[in-house]
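Okay, so here's the structure we're looking at.
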2 protein chains.
Amino acid sequence: MDRFVSTFTNKLDAKGRVSIPAPFRAVLERQIAHASQGASTSIYCYPALDAPALDAGGESLAVTIDGLLAGLPDYSDERDELSVALYGDVQLLAIDGDGRIILPESLRQHAGLQTHVTFVGLGQKFQIWTPERFEERRQRAREKVRETRKLFGLTQRPINAAPGGAGPDDAASGHE
Amino acid sequence: MDRFVSTFTNKLDAKGRVSIPAPFRAVLERQIAHASQGASTSIYCYPALDAPALDAGGESLAVTIDGLLAGLPDYSDERDELSVALYGDVQLLAIDGDGRIILPESLRQHAGLQTHVTFVGLGQKFQIWTPERFEERRQRAREKVRETRKLFGLTQRPINAAPGGAGPDDAASGHE
DNA sequence: TGGATGTTCATGGGATTGCATGGGACTTAA
DNA sequence: TTAAGTCCCATGCAATCCCATGAACATCCA
């Protein structure tokens with residue numbers, strides 16, 4: 001039961017390198033071990049469709065993409081079009097011996113990354129944000145959760161459970 | 001499970017040469033190694049049927065085409081026509097010692113290639129575009145994905161049930 | 001219990017390699 | 001001989017490897 005959880009902020013150095021948070025790396029390595037051994041660890045990374053952020057994940061993400069396309073006939077227009085968006089935008093980023101990746105210019109630009117990047121666990125995948133933008137988004141996500149609670153009539157506070165502990169959780173549930 | 005992913009733009013020199021992006025070359029070489037060793041590396045390349053671009057790939061692409069034709073009765077008109085359409089315009093381009101191919105005039109013309117060419121990974125094959133035209137294409141593809149995203153959410157599960165019953169969604173957790 | 005030791009990670013910088021690209025030389029065919 | 005195709009080498013930038021540092025945390029032992 002390996003998932004990407006919680007958030008970490010690391011530094012983007014002059015060469016465009018960032019350390020992948022160790023817990024995330026552990027998840028990635030286990031996926032590799034499970035899928036095809038021998039392949040050096042790397043992540044699949046692409047611009048998020050509707051946010052100034054990057055989506056990223058390991059082998060299991062690639063499997064998901066394959067699954068999407070597997071349903072379409074080999075030479076259909078539809079397949080080509082989806083392939084462009086799904087494979088064409090994806091970058092395969094190698095993880096070096098020190099657990100770092102290099103974020104290419106094009107990806108940095110889409111997310112507006114400069115000196116610090118925030119890794120946000122979303123279960124099967126994770127996202128990469130600028131710390132500031134992610135903070136905003138987190139706020140919005142919390143709002144939304146509150147609204148949803150009202151909708152369901154669940155407004156009563158948990159008596160003991162610490163509400164503060166729900167931080168990263170909120171982010172995850174608000175997505176997509 | 002080697003796929004062509006992401007996009008790269010390289011220069012087309014005065015002699016009509018382009019470097020194949022190193023990651024793509026790696027995929028091609030692995031296909032060769034797997035199929036029939038000894039053959040020097042080369043790619044299958046042909047004008048895309050419905051776009052100002054070229055389709056290209058390695059051994060596995062050829063196998064796919066064979067597979068398509070195999071589905072049709074041996075001496076049918078349909079098969080003959082398809083064979084011509086699929087194989088007739090195919091060129092076998094050799095990859096030289098420096099990882100480059102020479103794009104013949106006829107292919108360059110179909111795609112309108114001049115000084116720069118963009119290689120677009122599409123999983124099993126890749127395409128070759130002018131950078132400008134591809135940018136347009138990419139925009140369209142993204143739109144389309146956005147439109148049909150909800151559909152994804154629905155298709156994601158039933159497709160291709162992996163042995164063990166877990167959908168692609170569970171791939172991350174598939175191994176405890 | 002508290003100080004010392006070790007380990008895991010993030011980070012920085014230098015050294016090295018890989019890769020795209022340009023150009024020259026050699027071969028082959030008209 | 002010319003033109004086109006092929007091979008080989010030179011170059012510069014960028015990616016990759018390797019090692020050093022230091023902080024946060026865990027472990028051990030007196």
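Not measured: the values here are computed from a predicted model.
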Think B/Arg25 has a side-chain N or O under 4.0 angstrom from the OP1 or OP2 of C/dG18?
no
According to a strict under-4.0 Å criterion, is A/Lys11 in side-chain N/O contact with OP1 or OP2 of C/dG12?
yes
Calculate the interatomic distance between [X] atom [atom1] and [N] atom [atom2]; express it in whole Å.
| X | N | atom1 | atom2 | value |
| --- | --- | --- | --- | --- |
| A/Asp13 | D/dA15 | CG | P | 12 Å |
| A/Asn10 | D/dA23 | CG | P | 17 Å |
| A/Leu12 | C/dG13 | CG | C1' | 16 Å |
| A/Asp96 | D/dC19 | CG | P | 14 Å |
| A/Phe8 | D/dA23 | CZ | C1' | 17 Å |
| B/Glu105 | D/dA3 | CD | P | 17 Å |
| A/Lys15 | D/dT16 | NZ | C1' | 9 Å |
| B/Ile95 | D/dC8 | CD1 | P | 16 Å |

Please determine whether a side-chain nitrogen of the Lys or Arg among [X] and [Y] lies less than 4.0 Å from a carboxylate oxygen of the Asp or Glu.
| X | Y | value |
| --- | --- | --- |
| B/Asp13 | B/Lys15 | no |
| A/Glu59 | B/Arg3 | yes |
| B/Arg146 | A/Asp50 | no |
| A/Arg17 | A/Asp96 | no |

Donor-acceptor pair under 3.5 Å: do we get one between B/Arg100's side chain and the base of C/dG22?
yes
May I ask you to verify whether the side chain of A/Asp98 and the base of D/dC17 hold a donor-acceptor pair under 3.5 Å?
no
State whether a side-chain donor-acceptor pair under 3.5 Å links A/Thr9 with A/Thr118.
yes
Could you pick out which residue, B/Pro23 or A/Gly99, lies toward the 5' side of DNA chain C when each is mapped onto its nearest nucleotide?
A/Gly99
Given C/dG12, C/dA20, D/dT6, identify the nucleotide with an atom nearest to the side chain of B/Ile102.
D/dT6
Which nucleotide sits closest to the side chain of A/Arg17: C/dG13, C/dA10, C/dG24?
C/dG13
